[in-house]
Amino acid sequence: MAMAPSKVVVLMAFMAAALSSVSMAAGLQHGFYYSSCPQAEDTVRNVVQGMINNDPTMGAAFVRLFFHDCFVRGCDASILLDPTTSNPQTEKTTIPLRGYDAVNKIKAAVEAVCSRVVSCADILAFAARDSIVASGGFNFHMPSGRLDGFRSIADEVFQGIPSPAFQLQELLDNFATKGLNAEDLVVLSGAHSFGLTHCNFVTPRLYPTVDPTMNATFAAALKKVCPPPRNGGGFISVSNNRVTDPNKLSNQFYHNVASGQVLFTSDQTLMDQTPTTGNKTAAMVTDNAANPIAWMARFAGAMVKMGGIEVLTRTDPGEVRKVCFATNNAS
Ligand code: HEM
């Protein structure tokens with residue numbers, strides 16, 4: 001459910017102070033389009049808000065799209081490219097994600113006010129930020145100035161995107177390859193407080209025996225929704241957060257981790273220890289559960305940091321696409 005504007009504004013003041021120390025990727029800046037397309041950010045925000053009003057699950061779709069874009073050859077909108085004759089295996093042919101049509105609609109609205117000025121990589125970054133405003137009730141500046149890339153390669157998805165079966169050390173290693181640390185991992189995992197998953201990502205923890213780290217009552221209820229895979233239930237949708245409002249981005253995720261009520265091994269393993277980090281991530285889970293406002297500031301900062309991964313800016317090869325699903329010279 002969207003948060004009342006007054007609450008968003010109250011949090012904005014806090015966020016501005018909290019984010020003053022957040023580092024920005026080289027080449028990105030706040031308000032990159034203020035003179036070249038002053039309506040850009042408002043246009044994205046209005047369209048995104050309308051979409052979330054129509055379907056409250058859409059905020060999660062945009063946030064996940066942004067994560068997947070940034071973790072595979074950087075935040076360059078490579079995730080949005082459709083397959084072509086010359087490149088039939090783009091990123092989007094691998095893992096099904098929601099929201100591609102919606103991003104194309106946002107781009108069309110932006111093109112209607114400023115043609116060929118605002119990149120799809122920035123539109124996705126703004127849409128993710130605006131989803132957080134609408135679904136989480138906190139606001140922050142998302143730096144912009146990204147260019148769109150020319151390439152999208154399916155195989156890179158499996159190298160870049162972490163598996164929900166990963167243990168803590170594998171997650172830490174995966175995030176480290178993107179320049180993100182243990183705190184970024186814990187803080188960004190809070191995105192699993194909203195949105196949807198599919199039973200096939202959960203059933204390995206339910207059958208043949210229930211993962212002992214999962215709360216037994218929670219597991220019993222989940223089994224009623226997600227039958228064993230051989231019974232064909234793999235593609236049933238379930239909410240990431242089965243404890244409170246599944247469309248609200250919040251620090252509820254950390255309460256769910258602490259009580260064994262999360263879906264993935266990769267969520268629950270944040271309570272584990274590694275030889276290098278000890279129980280650091282578990283302590284962060286406890287701290288984020290206890291401090292919702294601090295988590296919001298950390299989440300905003302980590303989204304900005306993630307949004308700076310391997311970006312293409314003015315001196316790099318890149319373009320502003322006319323449409324998000326194809327490069328300007330697509331064949
Ligand atoms: C830490 C490693 C992560 C793993 C292993 C992971 C894995 C997954 C999986 C398996 C799903 C369900 C997909 C489906 O059934 O379609 C999912 C959903 C989601 N993930 Fe993650 N994820 C991770 C990190 C992140 C991060 C960093 C973010 C964003 C900051 C994020 C945001 C989301 C959102 C919002 C959804 C719901 C998407 C929807 O409703 O369509 N995840 N994740």
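Just so you know, ligand 1 is whichever comes first in the structure, and atom 1 is the first atom listed for that ligand.
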Legend entry - Between Ser239 and Asn241, a side-chain donor and acceptor under 3.5 Å: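 No, no side-chain donor-acceptor contact under 3.5 Å.
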Legend entry - Asp155 versus Gln159, side-chain donor and acceptor atoms under 3.5 Å: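 Looking only at side-chain atoms, Asp155 and Gln159 do not form any donor-acceptor pair under 3.5 Å.
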Inset, instruction - Say whether Phe201 and ligand 1 are in contact under the criterion: heavy-atom distance to a ligand atom below 4.0 Å. - result: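 Yes, that is the case, since the closest heavy atom of the residue is under 4.0 Å from the ligand.
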Inset, instruction - Tell me, please: is Val63 in heavy-atom contact with ligand 1, that is, under 4.0 Å? - result: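 Per 4.0 Å heavy-atom rule, Val63 contacts ligand 1.
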Only heavy atoms of [X], strictly under 4.0 Å: list the atoms of ligand 1 that pass.
X: Ser163; value: 5 (C)
X: Phe194; value: 35 (C)
X: Phe175; value: 1 (C)
X: Leu188; value: 27 (C), 30 (C)

Legend entry - Within one Ile-Leu-Val-Met-Phe-Trp-Tyr cluster: Leu97 and Leu249, side-chain cutoff 4.5 Å: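 Result: yes, single cluster for both.
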Legend entry - Worked verdict on Asn329 versus Thr327 for side-chain hydrogen bond (donor to acceptor under 3.5 Å, both in side chains): CA-CA 5 Å; Asn329 292 320; Thr327 60; over 6 Å; no
Legend entry - Ring-ring centroid check Phe71 Phe175, cutoff 6.0 Å: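 Judged by ring-centre distance (under 6.0 Å), Phe71 and Phe175 do meet the cut-off.
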Give the residue, atom name and distance (to 0.1 Å) of the protein heavy atom nearest [atom].
atom: atom 12 (C) of ligand 1; answer: Thr197 OG1, 3.0 Å
atom: atom 3 (C) of ligand 1; answer: Pro162 CG, 3.8 Å
atom: atom 35 (C) of ligand 1; answer: Ala60 O, 3.2 Å
atom: atom 40 (O) of ligand 1; answer: Leu196 N, 2.7 Å

Inset, instruction - For Glu170, enumerate each residue passing the side chain to side chain donor-acceptor pair (under 3.5 Å) test, keeping only those at least two apart in sequence or located in another chain. - result: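 Scan of Glu170 (side chain to side chain donor-acceptor pair (under 3.5 Å), adjacent residues dropped) gives none.
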Inset, instruction - Run through the side-chain heavy atoms of Ile, Leu, Val, Met, Phe, Trp and Tyr, join any pair under 4.5 Å, and report what else lands in Leu147's cluster. - result: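 Listed partners: Leu312, Val320.
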Legend entry - Other cluster members, Val323 - Ile/Leu/Val/Met/Phe/Trp/Tyr, side-chain contacts below 4.5 Å: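 Hydrophobic cluster check, Val323: joined to Phe325.
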Inset, instruction - Check Asn174 against Gly160 and note the closest heavy-atom contact, atom names and distance. - result: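 The answer is ND2-O, 3.0 Å.
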Legend entry - Derivation of the salt bridge (Lys or Arg N to Asp or Glu O under 4.0 Å) call for Glu310 and Arg73: CA-CA 7 Å; Glu310 298 162 43; Arg73 81 175 27 244; over 6 Å; no
Legend entry - Arg298/Asp287 ion pair, N-O < 4.0 Å: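 Here Arg298 pairs with Asp287 in a salt bridge, since their nearest N and O are under 4.0 Å apart.
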Inset, instruction - Using a 4.0 Å heavy-atom cut-off, say whether Leu185 meets ligand 1 through its side chain, its backbone, both or neither. - result: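 It is the side chain that touches ligand 1; the backbone stays farther off.
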Inset, instruction - At a cut-off of 2.8 Å, list the protein N/O/S atoms near atom 21 (Fe) of ligand 1, residue plus atom name. - result: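 Near atom 21 (Fe) of ligand 1, below 2.8 Å, one finds His192 NE2.
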Legend entry - Proximity winner for atom 14 (C) of ligand 1, if only heavy atoms of Lys178, Met58, His198, Arg98 are counted: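 Heavy atom nearest to atom 14 (C) of ligand 1 belongs to His198.
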Inset, instruction - Mind checking the CG-CE spacing from Asn279 to Met284? Nearest 0.5 Å is all I need. - result: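 CE of Met284 is found 10.0 Å from CG of Asn279.
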